[in-house]
Amino acid sequence: MPRYTLPDGSMQEFAAPATVANIATAIGAGLARAAVAGRVDGCLVDLDTPVANDAAIEIVTPTSAEGLEILRHSTSHLMAHAVKELFPTAQVTIGPAVADGFYYDFDYERPFTPEDLTTIEARMEEIARRDLPVVRQVMGRDEAMAWFHSIGEHYKAEIIADIPADQTISLYRQGEFMDLCRGPHVPSTGRLKVFKLTRLAGAYWRGDSKNKMLQRIYGTAFPDKKALTAYLTLLEEAAKRDHRRLGKELDLFSIQDDAGGGLVLWHPMGARIRQTIEDQWKQAHREAGYEFLFTPHMANLDLWRTSGHLDFYRESMFNPMTVDEQAYQIRPMNCPFHILVFRSKIRSHRDLPMRWAELGTVYRYEMSGVLHGLFRVRGFTQDDAHIFCRESQIEEEISAILDLTLQTLRTFGFARFEINLSTRPEKSVGSDAIWEKATAALRGAITHHGLEYIEDAGGGAFYGPKIDVKITDAIGRKWQCSTIQLDFNLPERFDIGYIGEDGSRHRPIMIHRALMGSLERFFGILIEHYAGHFPLWLAPVQAVVLTITEAHNDWAVEVARRLRVAGLRVETDLRNQKVGYKIREHAMRKTPWLLIVGEREQAEGAVSPRDRHGKEFGLIPVEEMIQRMSQEIDARN
RNA sequence: GCCGACGUAGCUCAAUCGGCAGAGCAACGGAUUUGUAAUCCGUAGGUUCGGGGUUCGAUUCCCCGCGUCGGCUCCA
């Protein structure tokens, strides 16, 4: 008499071993209908799996992350099934669920077309209507390989060869279609109702550019129509916020062939925003006890040899140039220069910690195909800093950096963070002792802030552990900008040291950190986060004074002058146009405040403000308006 | 770099089967003196991404190049 424990602690008792589906039915018909798989003592299984003994049972539905993943994975099989029916000579390869849906890679003699996608989708719907049971079966390794070879699915056979010997080889059959898969899967194709094929792409077999290029079809699936619609709406919203589009519309920046791909030209309005960002950054760093450095954009190649970049970073570097028969390298990083400054004289333990920041522009070679607006470029400015400190100072410094990081990100309107701690990888430099000590210090700094974190064991760089901070934007997308990395390698390579209290020479700890990462990329993220509606303190034009008729020009100019004196970025619009015309234009430029001046305003020394949402405020004296705007700006922190 | 799609005026887009390259917005000129998201009239604007080919004739078809966009890690 097996007894099954449910997540809420209650029990279900059966006379004989039941399947997961039976248990779901016993709990409720609605749950049974929604169920896609089960979790038995923590392991995901198909619904028709019998559970012989007492066990903890959980019914998995598409409302959970793993249930949705199963739904999508099953939909990818459905797609492969449809493709095999329509194009029998296509070979199936792999087809997992991914973040927003799923994909399946095929090897086929000709490229698929967008029309094929429509056909495949229609066939998928048809197969779903057949409501074919999806059945798991286990096969011997050799038998499975032979069978896949016999039906011409050589990729599948190759995959089997790579599956560890201790793992069971399972296959899933739906009608005539049988695919190698670990599972679990939905019980029948009829369960797949809401899906959509989204795009075609090339993808290398096993992600390796040395291998054959396969054809990838992306799609997505959801538990219900509403969720799919919501997803498509999000995509539209993201497209509306696209920084490349807004960058053009608002005249913020451009990237032109005449200069080169991945090289950003900041136009005046974009440059204003950047200056505001930089001012904010500098102020925060001064307050946090940083000094600023300026270092060159290129250096003798030997410097990069010493730093080791020439060995392990070469494919991201531009080729060196020749200067007076010497090789020079445009910089992909700033750190070696900061080390040279450190090394320029003898340092005492009393000097430490030293915090040196630089808005350092670097150049990195990116393959032409990966360049993408401001997000992936070849020249960008890092808000870089290096802290040289003693071992005993690590935790305190990391803690201070975390403070500065979160404070900075909050200022820019990000409130949700995800913190990742990456620890020692297999290949690494530095002693066990220092790794342990440093990792503990990082962990300590995070918990000291009362923050949650995700530990990525073995995910650190070879030269030290690190903390990465991800932010969530206004439409829920995550971006990693901030990084705090310990470095046990460069101090060694450059043989830097300080004189300790004991009079002997010690190796300092070096911390690399960037809060925004790349100014270009961060700017792109800000544009999309705010959808171009920058908060007042960042807006390139904070207010436009616009007149009703020419009779009010003098007053408009005077209003603008007073705002400007108060430190506000203001323009006038004196054109002989109707107010509606001018309002529309400035509204489209997303100007936060429009200050309308006419007869009444002029007579009373006032303006009639209109905010970016179209809200009107009546007559307000100029000085009061200045005060209101100043308060709005000060509220950013 | 590789696979696929795309490339027409500053922007957004049209141009039937291969037959005179167009519209709206923006720009410029003029009129209008206007109260909360587009006043009217006019003018100008083109190497149809570049090069080559097929053709009487190419924005259109073919080849090469350049660029843009979507992808190329997420394990069967």
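The sequence lines fix the lettering, A, B, ..., with proteins before strands; numbering per chain opens at 1. Scope of the values below: all heavy atoms of this structure, side chains included, with no hydrogens, waters or symmetry mates.
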Query raised in the report: Between A/R628 and A/D611, does at least one N-O distance fall below 4.0 Å, as a salt bridge requires?
Result: no
Hey, does A/T198 reach any base, or is it just sugar-phosphate, or nothing, if we go heavy atoms under 4.0 Å? nothing
* What nucleic acid atoms does A/H372 come within less than 4.0 Å of, heavy atoms only: base, sugar-phosphate, or nothing? -> sugar-phosphate
Exercise. Measure distances between side-chain N and O atoms of A/E601 and base N and O atoms of B/G35, and say whether any donor-acceptor pair falls under 3.5 Å.
Key: yes
Scanning all shown strands, the Watson-Crick or wobble mate of B/U39 with both distances under 3.5 Å is B/A31
Rounded to whole Å, CH2 of A/W593 lies from P of B/U36 at a distance of 18 Å
Item to check | Under-4.0 Å side-chain N/O to phosphate OP1/OP2 contact, A/R610 with B/U36 | outcome: no
With a non-hydrogen cut-off below 4.0 angstrom, is A/K156 in contact with a base, only sugar-phosphate, or nothing?
sugar-phosphate
Subject >> N/O (side chain, A/R216) to phosphate O (OP1/OP2, B/C2) under 4.0 Å >> reply: no
When rounded to whole Å, the CG to P distance for the pair A/L263 and B/G67 reads 12 Å
Applying the 3.5 Å cut-off to both distances, the Watson-Crick or G-U partner of B/G1 turns out to be B/C72
Quiz prompt | Sugar-phosphate, base or nothing in reach of A/T113, heavy atoms under 4.0 Å | solution = nothing
A/K248 atom NZ is separated from B/C13 atom P, nearest whole Å, by 10 Å
Here the distance between atom P of B/U68 and atom CD of A/Q256, to the nearest Å, is 12 Å
TODO: Determine: side-chain N/O of A/H552 to OP1/OP2 of B/G35, distance under 4.0 Å, yes or no.
DONE: no
If you look at every strand shown and take non-hydrogen atoms under 4.0 Å, does A/G369 touch a base, only sugar-phosphate, or nothing? base
* Asked: Hey, does A/R199 reach any base, or is it just sugar-phosphate, or nothing, if we go heavy atoms under 4.0 Å?
  -> sugar-phosphate
*With a non-hydrogen cut-off below 4.0 angstrom, is A/F112 in contact with a base, only sugar-phosphate, or nothing?*
nothing
In whole angstroms, the gap separating P of B/A37 from CZ of A/R575 amounts to 16 Å
Next on the checklist: Students often get this wrong, so: under 4.0 angstrom with heavy atoms, is A/E585 touching a base, only sugar-phosphate, or nothing?
Outcome noted: nothing
Review point. Is the closest side-chain donor-acceptor distance between A/Y104 and A/D179 under 3.5 Å?
Key: yes
* Could you tell me whether A/R314 atom CZ has more than 12 heavy atoms of other residues or ligands within 6.0 Å of it? => no
| request: Scan A/Y218 against the nucleic acid and name what it touches under 4.0 Å (heavy atoms): base, sugar-phosphate only, or nothing. | output: sugar-phosphate
message = Using a heavy-atom cut-off of 4.0 Å across all strands, would you classify A/R600 as base, sugar-phosphate, or nothing?
response = base
Counting only side-chain nitrogens and oxygens, does A/Y581 get under 4.0 Å of the OP1 or OP2 atom of B/A26? yes
Rounding to 0.5 Å, atoms CZ (A/F534) and CG (A/L526) come to a distance of 6.5 Å
- What is the nucleic acid contact for A/E249, judged by heavy atoms within less than 4.0 Å: base, sugar-phosphate only, or nothing? nothing
- Are A/S209 and B/C72 close enough that a side-chain N or O sits under 4.0 Å from OP1 or OP2? no
| query | Touch check for A/G207, heavy atoms < 4.0 angstrom, all strands: base, sugar-phosphate only, or nothing? | reply | sugar-phosphate
In Watson-Crick or G-U wobble terms, with both distances under 3.5 Å, the base opposite B/C61 is B/G53
I'd like to know if A/R206 and A/D162 make a salt bridge, using a cut-off of under 4.0 Å between side-chain N and carboxylate O. yes
Rounded to whole Å, OH of A/Y204 lies from P of B/U73 at a distance of 9 Å
Note to self: Please determine whether the number of non-hydrogen atoms from other residues, nucleotides or ligands lying under 6.0 Å from atom CZ of A/R141 exceeds 12.
What the structure shows: yes
